[in-house]
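All of these numbers come straight from a predicted model, not from anything done at the bench.
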Amino acid sequence: MIVVDSNVLAYLYLPGDFTARAEALLQADPEWTAPILWRSEFRNILAGYMRRGSLTFDQAASLQREAEDLMRDCEFDVDSNEVLQLVRDSDCSAYDCEFVAVAAKLDVKLVTMDKKLLRAFPNHCASFSAG
């Protein structure tokens, strides 16, 4: 089991330079988890693709459903106090700290390309690009 940030999910569903890496990660560890916040972040990524004309509404809606199916029963609420403690101890956003909080709670790694998270929480994060 690993926690993945929203960008890793996007790499899986939106073809690009990191898609093969995301597919290999899913193959190696198919139990992905995240805070419920991932849904909003992923929708925002899809919104950008729609606005740029790279995805239609129907394509975006289909990708959202696929991602929700993948993450079904693997989404977690986070404790606000834990998130705020992580924010206090770093220069990371509360949004990013939600992912770290899930990783810490489950005692697993958060897979991310976010250099700030990797520096601030080396015990809880693993580099997606190191793979």
With a 4.5 Å heavy-atom cut-off, do [X] and [Y] have their side chains touching?
X    : Y    : answer
L12  : T19  : no
W32  : V8   : yes
E41  : N44  : no
V111 : D5   : no
M1   : L106 : yes

Using every non-hydrogen atom in the two residues, find where [X] and [Y] come nearest and quote the distance to one decimal.
X   : Y    : answer
L37 : Y95  : CD2-O, 3.5 Å
T33 : M71  : C-CE, 3.5 Å
P35 : V78  : CB-CG1, 4.0 Å
R39 : Q64  : O-NE2, 3.9 Å
C92 : F121 : SG-CE1, 3.9 Å
F57 : M50  : CA-SD, 3.6 Å

To the closest 0.5 Å, what do you measure between [atom1] ([X]) and [atom2] ([Y])?
X    : Y    : atom1 : atom2 : answer
F42  : L14  : CZ    : CG    : 5.5 Å
F99  : N7   : CZ    : CG    : 8.5 Å
S80  : Q85  : OG    : CD    : 11.0 Å
L110 : S127 : CG    : OG    : 10.5 Å
C125 : L117 : SG    : CG    : 5.0 Å
S90  : R119 : OG    : CZ    : 11.0 Å

From CA spacing to verdict: side-chain contact (heavy atoms from CB on, under 4.5 Å), D91, K116: CA-CA 8 Å; D91 61 348; K116 191 184 289 188; 3.4 Å; yes

Above 12 or not: heavy atoms from other molecules or residues under 6.0 Å from [atom1] of [X]?
X    : atom1 : answer
D69  : CG    : yes
K109 : NZ    : yes
R51  : CZ    : no

What is the ring orientation for F18 with Y11, classed by angle as parallel under 30°, tilted 30 to 60°, or perpendicular over 60°? tilted

Would you call K105 and E82 a salt bridge, using N to O less than 4.0 angstrom? no

Cluster link I36 to L84, ILVMFWY, side chain under 4.5 Å: no

Hey, any chance L118 and V102 share a hydrophobic cluster, counting ILVMFWY side chains that come within less than 4.5 Å of each other, even indirectly? no

Report the C-alpha distance between L26 and V4 in whole Å, list the side-chain angles of each, state the deciding distance to 0.1 Å, and finish with yes or no for side-chain contact (heavy atoms from CB on, under 4.5 Å). CA-CA 10 Å; L26 183 62; V4 293; over 6 Å; no

